[in-house]
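So the structure is just underneath, and the comments pick up after that.
Small disclaimer: the values here were computed from a predicted structure and weren't measured.
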Amino acid sequence: MENIKLSSDKKKVIILDQTQLPNQTEYLEIDTLEDMYDAIFHLKVRGAPAIGIFAAYGIYCLSQKIVDQEYDAFYEAFTGYMKYLESSRPTAVNLSWALERMRRVVTENSQCSTVQIVELLGEESRKIQAEDIKMCRTIAGYGLTLLEEGDGILTHCNAGPLATSQYGTALGPILLGKEKGMHFRVFVDETRPLLQGARLTAYELQQAGVDTTLICDNMASSVMQKKWVQACFVGCDRIAMNGDTANKIGTSGVAILAKYYGIPFYVLGPTSTIDIECRCGDDIEIELRDEEEIKRKYYEKPMAPENVKCYNPAFDVTDHTLITGIITEYGICRAPYEESLRKIMEKKRKRQNTT
Ligand SMILES: CSC[C@H]1O[C@H](OP(=O)(O)O)[C@H](O)[C@@H]1O
């Protein structure tokens, strides 16, 4: 199921509206800056890599509307779009990473006509999605080496194809293993308050025919205690250079439980989620969201007193000491992460310079 694509006339981004899943399969055609911001902010498109891919396609579509501008005016408008889209959600680094990649296309080709620059922006946006498909497949392959037939795996939030381009990250090894005829038992944290696990992960895994058990977030300890879980696989939104990792709220609690029960805890994500400017978890901005998501969202009636004070951080940071390994498209990083992440980013830089 394609979650993000360009329209046939290449002037709109078509997304699967993830807020309607699993009850409705609805597609949205988006071609305005405001609707792009709204789609990211309200998680109609979500998941770090998917947000980056969407923003790249989106700013390509917007750039077509100013193709008749002289370079300076074009660049000023372009960077205005970029800053506004970046302000939609602060934690997932892939949003700013993808937009910066698109901005570099504009600056590195300033001698070209704006018509040529817009064509190059289209190529770059398609490359970003194509690379993500390849990265997710590679990450899935590395992750699968850590699993055995019949393993129980616990996941948190959604890091499947809907959150990326194909395979997903945390779900990639499970889906790839399934393709190869392997059997796993997956315990899916519902992931309050927006229920990405219940609404999206359970949906994706069931569609793939994977043995799926949906649990409330407060049941993770129980299934681990019963020795039903042999590994925890989660996605990521921003990885600091010491290995501290921001992911959906509740992830750090799963990591602490896994440590207590002696269960390996793996973070899976592309190197585009590693933030080389980020020294440690304290440097990661955590998005705070509307309290209505706790009180009412996805429920027929309010399920808390209207005036109760709430705290609704969308992410938390898992301390690097709780992470068994970080699985990327360049291999599996293990502690000490300052060294292993630096080596992986150096390997990526060298490979990019030779291609
Ligand atoms: C493959 S990245 C998925 C990552 O993004 C999710 O956050 P959100 O649903 O708010 O976009 C969650 O942290 C997942 O692990």
Side-chain angles (χ1 to χ4, degrees), residues 1-5 14-28 43-50 132-133 136-137 139-141 143-144 146-220 222-224 226 228-236 247-251 254 263 266 268-269 297-300 327:
M1 183 183 293
E2 272 188 304
N3 57 341
I4 307 168
K5 66 178 180 181
I14 300 171
I15 61 168
L16 174 57
D17 182 351
Q18 295 189 38
T19 61
Q20 300 306 312
L21 289 173
N23 305 308
Q24 276 97 29
T25 301
E26 282 184 21
Y27 288 89
L28 301 173
L43 283 78
K44 295 173 183 173
V45 58
R46 49 146 300 280
D132 191 74
I133 291 170
C136 285
R137 174 60 183 79
I139 291 167
L144 191 53
L146 302 166
L147 297 176
E148 290 181 8
E149 170 62 23
D151 272 352
I153 302 142
L154 185 133
T155 72
H156 190 77
C157 196
N158 173 254
L162 287 168
T164 59
S165 46
Q166 216 174 43
Y167 282 110
T169 51
L171 298 191
I174 298 163
L175 296 173
L176 180 63
K178 174 70 181 169
E179 278 177 13
K180 294 175 181 289
M182 295 178 77
H183 172 78
F184 302 116
R185 289 166 298 111
V186 185
F187 295 91
V188 176
D189 276 1
E190 63 174 353
T191 317
R192 270 190 50 73
L194 294 181
L195 304 177
Q196 289 93 325
R199 293 186 303 110
L200 306 174
T201 299
Y203 170 77
E204 288 180 319
L205 292 178
Q206 278 206 323
Q207 294 274 321
V210 172
D211 179 336
T212 304
T213 304
L214 176 61
I215 59 173
C216 296
D217 300 331
N218 56 11
M219 299 170 188
S222 178
V223 295
M224 291 187 194
K226 292 180 186 300
W228 291 348
V229 177
Q230 281 66 53
C232 294
F233 277 13
V234 297
C236 48
N247 194 54
K248 184 51 51 195
I249 186 70
T251 302
V254 170
I263 297 168
Y266 293 105
L268 296 90
K297 186 88 178 172
Y298 291 113
Y299 297 94
E300 292 305 314
I327 304 165

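Between the side chains of Tyr167 and Glu179, at least one donor-acceptor pair of N or O atoms lies under 3.5 Å. A donor atom on one side chain and an acceptor atom on the other are found under 3.5 Å apart for Asp17 and Thr19.
Residues Thr213 and Val223 form no side-chain contact, since every pair of their non-hydrogen atoms from C-beta on lies 4.5 Å or further apart. In this structure, Cys232 and Met224 have side chains that are in contact, with non-hydrogen atoms separated by less than 4.5 Å. Looking only at side-chain heavy atoms (C-beta outward), Arg199 and Asn23 stay at 4.5 Å or farther from each other. A heavy-atom distance below 4.5 Å is not found between the side chains of Asn3 and Pro161. The shortest distance between side-chain heavy atoms of Lys248 and Asp189 does not fall below 4.5 Å. The shortest side-chain heavy-atom distance between Arg46 and Asn158 falls under the 4.5 Å cut-off.
For the atom pair OG1 (Thr164) and CZ (Arg137), the distance works out to 13.5 Å, reported to the nearest 0.5 Å. Taking CG of Leu214 as the reference point, atom CE of Met219 lies at 8.5 Å (rounded to 0.5 Å). Residue Thr191 holds its OG1 atom at 6.5 Å from CD of Gln196, rounded to the nearest 0.5 Å. Taking CG from Leu205 and CD1 from Ile174, the interatomic distance works out to 6.0 Å, rounded to the nearest 0.5 Å. Tyr27 OH to Glu2 CD: the interatomic distance, rounded to the nearest 0.5 Å, is 7.5 Å.
In terms of modelled atom types and a separation under 3.5 Å, the side chain of Thr201 and the main chain of Cys157 share a donor-acceptor contact. Checked by atom type and distance alone, the side chain of Asp151 never pairs as donor or acceptor with a backbone atom of Phe184 at under 3.5 Å. In this structure, His156 contributes its side chain and Gly235 its backbone to no donor-acceptor pair below 3.5 Å. No donor-acceptor pair closer than 3.5 Å links the side chain of Glu190 to the backbone N or O of Cys216.
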Chi angles and distances behind the side chain to side chain contact (heavy atoms under 4.5 Å, CB included) call for Leu162, Leu21: CA-CA 10 Å; Leu162 287 168; Leu21 289 173; 3.7 Å; yes
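Closest approach of Cys236 and Ala48 over heavy atoms only: O-CB, 3.7 Å. Taking each heavy atom of Ala198 and Ala202 in turn, the nearest pair found is O-CB, 3.4 Å. Nearest approach of Leu147 to Met182, heavy atoms of both residues: O-CE, 4.4 Å.
Here the rule is side chain to side chain contact (heavy atoms under 4.5 Å, CB included) with Phe233, and of Leu268, Thr169, Leu154, Leu171 only Leu268 fits it.
Crowding of Glu26 atom CD: a count of heavy atoms from other residues, nucleotides or ligands under 6.0 Å exceeding 12.
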